[in-house]
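Nothing here was measured: the structure is a model prediction, and the numbers come from that model. Keep in mind that the numbers below use all heavy atoms, side chains included, and drop hydrogens, waters and symmetry copies.
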Amino acid sequence: MSQVVTDVKLFPCTQSMSLAQDIAKHYGISLGNVITSTYSDGEFQPSFEESVRGTRVFIIGSTNPSSDNLMEMLLMLDAAKRASARHITAVMPYFGWARQDRKDKPRVPIAAKLVAKMLEVAGATRIITMDLHADQIQGFFEKPVDHLFASTVFLPYLRNLNLDNLTIASPDMGGSKRAYAYSKALESDVVICYKQRAKANVISYMELIGDVTDRNVVLVDDMVDTAGTLTKAADLMMERGAKSVRAICTHPVLSGEAYERINNSKLEELIVTDSIPLREKSDKIRVVSCAPLFADVMKAVHENKSISSKFLM
């Protein structure tokens, strides 16, 4: 009986090239050879320049807008399926379109569900992602989902700061579960910001639930987009007597005037992962790499080993 080929190959999507290189380095192998041809009208076509028949393929790419990033992932999944890869895993450090996980008003799409189905139809047999905007998005998939937590890389960073009078804060009610998990791990107090939005990305009202007087506050969130919530929360907490305010946000979307807001805010620092490459540099932004976490989990998945030790909370 012939032996089944179970080699593993890693391929990067264009916008996640730097992270993919770091993951491959920690994994201990080189990235596979893939090229992308682009037509004059903007249409593009990825091509694997080596055989993937019978192998386990990991395709690494965050799917933050523009939609080209999602389309590239879908095309690469389809190419791997048609090239007879045995297992095809979509490694998506940032799962884009996740904020549309439900119908919050009539006649709107549930984009996160749609994206999940497209990934499966394209050929993904497994999904590895980190800090989904809503945990229940895992239920949109019929394939296995490994939902990692950035706390695995953030908690050691926070402990090394040795902050006294530490308080963990959630910038909104929806993030209270995440804040309580961090507070339990760090044995600290918790405060919560209550906010109301006039429309998407526009806050009309914010109030603080809890006391931050003489406390070193760390705001915890899954992503930072325009940074309006974070900077407003930081200003509010400093007005209420906080000693310092930091923020940890897994995914640095940082659109619009985000960089300007952060640089001009009372935030001491914003700590993010490299799930999305930064568009600009800022003295206030610290990047903690998630590459070792993904490399370890990918290797464990390939070797059919448990990854439960990677779920700190």
[X] (side chain) donor-acceptor with [Y] (main chain) under 3.5 angstrom:
X    : Y    : value
K81  : V121 : yes
H251 : F95  : no
T89  : V91  : no
T273 : S275 : yes
K143 : L119 : no
R215 : N165 : yes
D78  : L74  : no
R178 : V220 : no
R279 : L254 : yes

What heavy-atom pair brings [X] and [Y] nearest, and what distance separates the two atoms?
X    : Y    : value
C193 : A233 : SG-CB, 3.9 Å
D101 : A134 : OD2-CB, 3.3 Å
A185 : R159 : O-NH2, 3.4 Å

Go through the steps to decide whether D7 and T55 satisfy the test side-chain hydrogen bond (donor to acceptor under 3.5 Å, both in side chains), and finish with yes or no.
-> CA-CA 5 Å; D7 291 342; T55 65; over 6 Å; no
Going from [atom1] on [X] to [atom2] on [Y], what distance comes out if it is rounded to the nearest 0.5 angstrom?
X    : Y    : atom1 : atom2 : value
M92  : C13  : CE    : SG    : 9.0 Å
F44  : I35  : CZ    : CD1   : 14.5 Å
M73  : M71  : CE    : CE    : 13.0 Å
L148 : D131 : CG    : CG    : 8.5 Å
I248 : L155 : CD1   : CG    : 7.0 Å

Side-chain hydrophobic cluster, 4.5 Å single linkage: members besides M223 =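 Reading the cluster by chain and number, M223 sits alongside Y94, V253, I276.
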Show your reasoning for whether side-chain contact (heavy atoms from CB on, under 4.5 Å) applies to M237 and L208.
-> CA-CA 8 Å; M237 289 175 183; L208 181 64; 3.8 Å; yes
Does one side chain, of S255 or D225, offer a donor that lies under 3.5 Å from an acceptor on the other?
->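 Looking only at side-chain atoms, D225 and S255 do form a donor-acceptor pair, the distance falling under 3.5 Å.
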Verify whether one side chain among T213 and D211 offers a donor that lies under 3.5 Å from an acceptor in the other.
->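 Side-chain D/A pair, T213 to D211: present.
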Under the side-chain hydrogen bond (donor to acceptor under 3.5 Å, both in side chains) rule, what pairs show up with a residue in residues 65-74, not counting sequence neighbours?
->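 As it turns out, the side-chain hydrogen bond (donor to acceptor under 3.5 Å, both in side chains) pairs with a partner in residues 65-74, which skip direct neighbours, are T14-E72.
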Check whether any side-chain heavy atom of [X] lies under 4.5 Å from a side-chain heavy atom of [Y], and answer yes or no.
X    : Y    : answer
T129 : H147 : yes
F294 : H26  : no
R82  : F48  : no
H87  : V8   : no

Among L186, V218, L158, find the one that has a side chain to side chain contact (heavy atoms under 4.5 Å, CB included) with L163.
->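 Of the listed options, the one satisfying the test is V218.
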Among the clusters formed by ILVMFWY side chains lying less than 4.5 Å apart, do [X] and [Y] turn up in the same one?
X    : Y    : value
L132 : V301 : no
I60  : M17  : yes
V115 : I128 : no
V245 : I262 : yes

Are there more than 12 heavy atoms of other residues, nucleotides or ligands under 6.0 Å from atom NZ of K103?
->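 More than 12 heavy atoms, drawn from other residues, nucleotides or ligands, come within 6.0 Å of this atom.
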Please walk me through it: do Q21 and L31 pass side-chain contact (heavy atoms from CB on, under 4.5 Å)?
-> CA-CA 7 Å; Q21 289 173 337; L31 286 174; 3.6 Å; yes
V191 vs R240, side-chain contact (heavy atoms from CB on, under 4.5 Å): CA-CA, chis, key distance, verdict = CA-CA 12 Å; V191 297; R240 299 291 175 88; over 6 Å; no
How are the rings of F58 and Y27 set relative to one another: parallel (under 30°), tilted (30 to 60°) or perpendicular (over 60°)?
->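 Judged by the thresholds at 30° and 60°, the geometry between F58 and Y27 is tilted.
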Under a 4.0 Å N-O cut-off, is there an ion pair linking E268 with K243?
->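 Result for this pair is no, no salt bridge flagged.
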Starting from the C-alpha separation in whole Å, work towards a yes-or-no answer on side-chain contact (heavy atoms from CB on, under 4.5 Å) for L278 and Y259.
-> CA-CA 10 Å; L278 297 179; Y259 283 93; 3.7 Å; yes
